[in-house]
A.B. asks: 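Starting off with a structure, shown below.
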Amino acid sequence: MTYHPKSDFIAVMKQRGFLADCTDVQGLDEALLKGGVPGYIGFDATAKSLHVGSLIQIMMLRWLQKTGNKPITLMGGGTTKVGDPSFRADERPLLGPDQIDENIAGIRRVFGAYLTYGDGPSDAMMINNAEWLDGLNYLDFLRDIGRHFSINRMLSFESVKSRLDREQSLSFLEFNYMILQAYDFLELNRRYGCILQMGGSDQWGNIVNGIDLTRRVIDHEVYGLTSPLLETSDGKKMGKSASGAVWLNPDMLSPYEFWQFWRNTTDADVGRFLKLYTELPLDECERMGSLQGSEINEAKIRLANEVTMLLHGKEAAGAAEATAREVFEKGGIGDDLPTLTLSEEELGDGISIVQLIVRSGLAGSGKEAKRLIAENGARMDDAPLTNAGLMIDRAALSSPIKLSAGKKRHALVQLG
């Protein structure tokens with residue numbers, strides 16, 4: 001994109017690598033120059049936490065606020081009752097209202113670390129689309145909103161085509177999802193003057209739908225902006241680690257494990273991730289991203305510290321770094337390592353090492369744990385583990401045991 005932005009927000013999006021596409025970048029740029037622009041991103045309430053895959057969107061909202069505009073975090077309390085068909089191979093299990101409310105409360109804690117909520121002109125708002133979706137009269141909705149949607153066009157969307165091409169069932173309930181999502185933008189514009197929707201580039205079709213609907217129904221000018229779909233340089237989807245999703249809530253993933261995820265960034269991604277996930281100056285991001293050899297490791301520690309500080313605070317970031325240095329450099333046991341605490345009943349007459357490796361999160365299954373041992377990838381108290389049949393008893397747990405998978409993943413096992 002050769003356009004030279006005038007507004008701070010578009011400049012940041014472009015310079016730091018957030019900008020994939022925009023429906024009208026010049027029009028949006030002009031609107032942003034006046035300040036106070038309300039912009040939103042929608043988040044499903046399918047779990048009690050978001051994971052690292054959502055962090056690029058959260059950072060976009062943070063920058064929107066930092067440049068004097070008004071971020072809206074739209075929770076899909078209504079749409080979560082329907083299920084999003086986008087690129088999924090199967091229908092998503094539907095959740096009840098109590099579970100959805102519980103999930104929204106968990107997600108709210110994450111947003112609170114990045115955004116300032118309140119009543120001021122650039123204070124963030126959290127809105128639940130159940131506000132307008134729960135009370136919809138179906139026949140009125142079909143008459144007033146449904147008539148603006150072409151089935152031919154809806155069938156052409158990649159998210160729908162991919163399901164139909166694989167001859168997998170797409171329920172009418174899910175098919176409605178894109179209409180409801182478009183309706184969200186219309187309602188946010190009507191109720192809160194919101195003129196911008198942002199999301200990942202896989203949401204482009206849904207965003208354009210909302211823009212078209214808002215123009216047709218109330219003839220208001222609104223805009224869409226997408227970020228690139230992020231993969232790591234080795235082709236993995238952002239947000240996944242060897243042991244599963246990298247959750248943002250500390251009760252689902254400890255600050256140490258979160259820090260460790262960023263510390264394990266591949267060399268080629270360091271500069272890009274510093275620009276996207278921290279607020280360090282661009283020249284500093286570029287300088288650190290171009291370091292070589294052992295120096296790049298210090299850049300990874302800086303990345304891990306900065307990202308962890310934004311989410312969990314300075315103290316948690318410092319504790320994670322101190323633990324990592326103790327574990328890696330001194331071979332000690334850090335205070336902050338993921339810990340499995342066994343009760344006397346669980347321990348019984350003894351527990352297998354394979355079971356401990358699985359339960360401490362270092363392997364996804366017994367088969368994977370046995371393979372780790374067979375391939376000399378597992379250690380106990382820094383000594384190689386060679387016997388997959390080893391039983392750990394009360395005497396062995398008289399002090400905590402440190403288990404390791406490879407060089408970078410560790411956990412403590414102790415008796416409660």
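Because the structure is predicted, anything quoted here is derived from the model rather than measured. Reckoned from all heavy atoms, side chains included, excluding hydrogens, waters and symmetry mates. In this chain, residues are counted from 1 in sequence order.
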A.B. asks: Identify the heavy atoms of Phe185 and Thr214 that sit nearest to each other, and give their distance.
C.D. replies: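 Reported closest heavy-atom pair: C-OG1, 3.9 Å.
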A.B. asks: Are any side-chain N or O atoms of Asp21 and backbone N or O atoms of Leu225, one a donor and one an acceptor, separated by less than 3.5 Å?
C.D. replies: no
A.B. asks: Might you confirm whether atom CG of Asp251 has over 12 heavy atoms from other residues, nucleotides or ligands at distances under 6.0 Å?
C.D. replies: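 Yes, because the 6.0 Å sphere around CG of Asp251 holds more than 12 heavy atoms from other groups.
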A.B. asks: Salt-bridge test for Asp269 and Lys300: reply yes if a basic N is under 4.0 Å from a carboxylate O, no otherwise.
C.D. replies: no
A.B. asks: Using atom types as modelled, flag every donor-acceptor pair under 3.5 Å from a side chain in residues 54-63 to any protein atom, sequence neighbours excluded.
C.D. replies:
| from | atom 1 | to | atom 2 | distance (Å) |
| --- | --- | --- | --- | --- |
| Gln57 | NE2 | Ser227 | OG | 2.9 |
| Arg62 | NE | Glu279 | OE2 | 2.4 |
| Arg62 | NH1 | Tyr114 | O | 2.9 |
| Arg62 | NH2 | Glu279 | OE1 | 3.3 |
| Arg62 | NH2 | Glu279 | OE2 | 3.3 |

A.B. asks: Quick one: closest heavy-atom pair of Ala388 and Val354, and the distance?
C.D. replies: O-CG2, 3.4 Å
A.B. asks: What closest approach, in Å, do Gly193 and Pro38 show between heavy atoms, and which atom pair accounts for it?
C.D. replies: O-CG, 3.5 Å
A.B. asks: Ignoring hydrogens and angles, tell me if any N or O in the side chain of Ser404 forms a donor-acceptor pair with the backbone of Gly406 under 3.5 Å.
C.D. replies: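 Here the side-chain-to-backbone pair does not exist.
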A.B. asks: Hey, are Thr73 and Tyr117 close enough side-chain-wise for a donor-acceptor pair under 3.5 Å?
C.D. replies: yes
A.B. asks: Going by atom types only, do Asn305 and Trp259 share a side-chain donor-acceptor pair under 3.5 Å?
C.D. replies: yes
A.B. asks: Would you say the side-chain atoms of Asn264 and Arg409 include a donor-acceptor pair closer than 3.5 Å?
C.D. replies: no
A.B. asks: Using modelled atom types and a 3.5 Å cut-off, is there a donor and acceptor pairing between side-chain atoms of Gln65 and backbone atoms of Thr116?
C.D. replies: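 Confirmed, Gln65 side chain pairs with Thr116 backbone.
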A.B. asks: Do the non-hydrogen side-chain atoms of Phe258 and Val307 ever get within less than 4.5 Å of each other?
C.D. replies: yes
A.B. asks: Search all heavy atoms of Met198 against all heavy atoms of Leu64 and return the closest pair with its distance.
C.D. replies: CE-CD2, 4.3 Å
A.B. asks: Side chain of Asp44, backbone of Thr46: donor and acceptor closer than 3.5 Å?
C.D. replies: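 No, Asp44 side chain to Thr46 backbone: no donor-acceptor pair under 3.5 Å.
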A.B. asks: I'd like to know if the side chain of Gln203 pairs up with that of Gln197 as donor and acceptor (distance under 3.5 Å, no hydrogens or angles considered).
C.D. replies: no
A.B. asks: Between the side chain of Asp123 and the main-chain N/O of Gly120, is any donor-acceptor distance below 3.5 Å?
C.D. replies: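 Yes, the answer is positive, given that a donor and an acceptor are paired below the 3.5 Å cut-off.
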A.B. asks: Which of these, Ile195, Val37, Asp8, sits in a side-chain contact (heavy atoms from CB on, under 4.5 Å) with Leu32?
C.D. replies: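 Looking at Ile195, Val37, Asp8, the match for Leu32 under the side-chain contact (heavy atoms from CB on, under 4.5 Å) is Val37.
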A.B. asks: For Leu28 and Cys22, which heavy atoms make the closest approach, and how far apart are they?
C.D. replies: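 So the minimum-distance heavy-atom pair works out to CD2-SG, 3.9 Å.
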A.B. asks: For Tyr277 versus Leu310, what's the shortest heavy-atom pair and its separation?
C.D. replies: O-CD1, 3.6 Å
A.B. asks: Looking at Arg302, is its backbone amide N or carbonyl O close enough to the side chain of Arg263 to form a donor-acceptor pair, meaning the two atoms are under 3.5 Å apart?
C.D. replies: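 No, Arg263 side chain to Arg302 backbone: no donor-acceptor pair under 3.5 Å.
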A.B. asks: Is the closest basic N to carboxylate O distance between Glu298 and Arg325 below 4.0 Å?
C.D. replies: yes
A.B. asks: Is the side chain of Asn129 donor-acceptor paired with the backbone N or O of Gly78 at a distance under 3.5 Å, no angle test?
C.D. replies: yes
A.B. asks: Can you tell me if Ser360 uses its side chain to pair, donor with acceptor, with the backbone of Leu340 under 3.5 Å?
C.D. replies: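 Not at all, since once roles are kept as given, no pair shorter than 3.5 Å links the two residues.
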A.B. asks: Hey, is the main chain of Ser7 close enough, under 3.5 Å, to the side chain of Asp29 for a donor-acceptor pair?
C.D. replies: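 The answer is yes, because a donor-acceptor pair under 3.5 Å joins these two groups.
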A.B. asks: Does a salt bridge link Glu187 with Arg190, judged by any charged N lying under 4.0 Å from a carboxylate O?
C.D. replies: yes
A.B. asks: Might you work through the salt bridge (Lys or Arg N to Asp or Glu O under 4.0 Å) test for Glu346 and Arg359, ending with a clear yes or no?
C.D. replies: CA-CA 12 Å; Glu346 285 174 299; Arg359 289 196 52 193; 2.6 Å; yes
A.B. asks: Between Arg191 (side chain only) and Leu186 (backbone N and O only), is there a donor and an acceptor less than 3.5 Å apart?
C.D. replies: no
A.B. asks: Is the closest side-chain donor-acceptor distance between Asn249 and Ser49 under 3.5 Å?
C.D. replies: yes
A.B. asks: Under a 4.0 Å threshold between the charged nitrogen and the carboxylate oxygen, would Lys275 count as salt-bridged to Glu284?
C.D. replies: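 The answer is no: the pair does not qualify as a salt bridge.
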A.B. asks: Given the rule in the side chain to side chain contact (heavy atoms under 4.5 Å, CB included) test, do Val222 and Thr23 qualify, once you have shown the distances and angles that lead to the verdict?
C.D. replies: CA-CA 9 Å; Val222 290; Thr23 51; over 6 Å; no
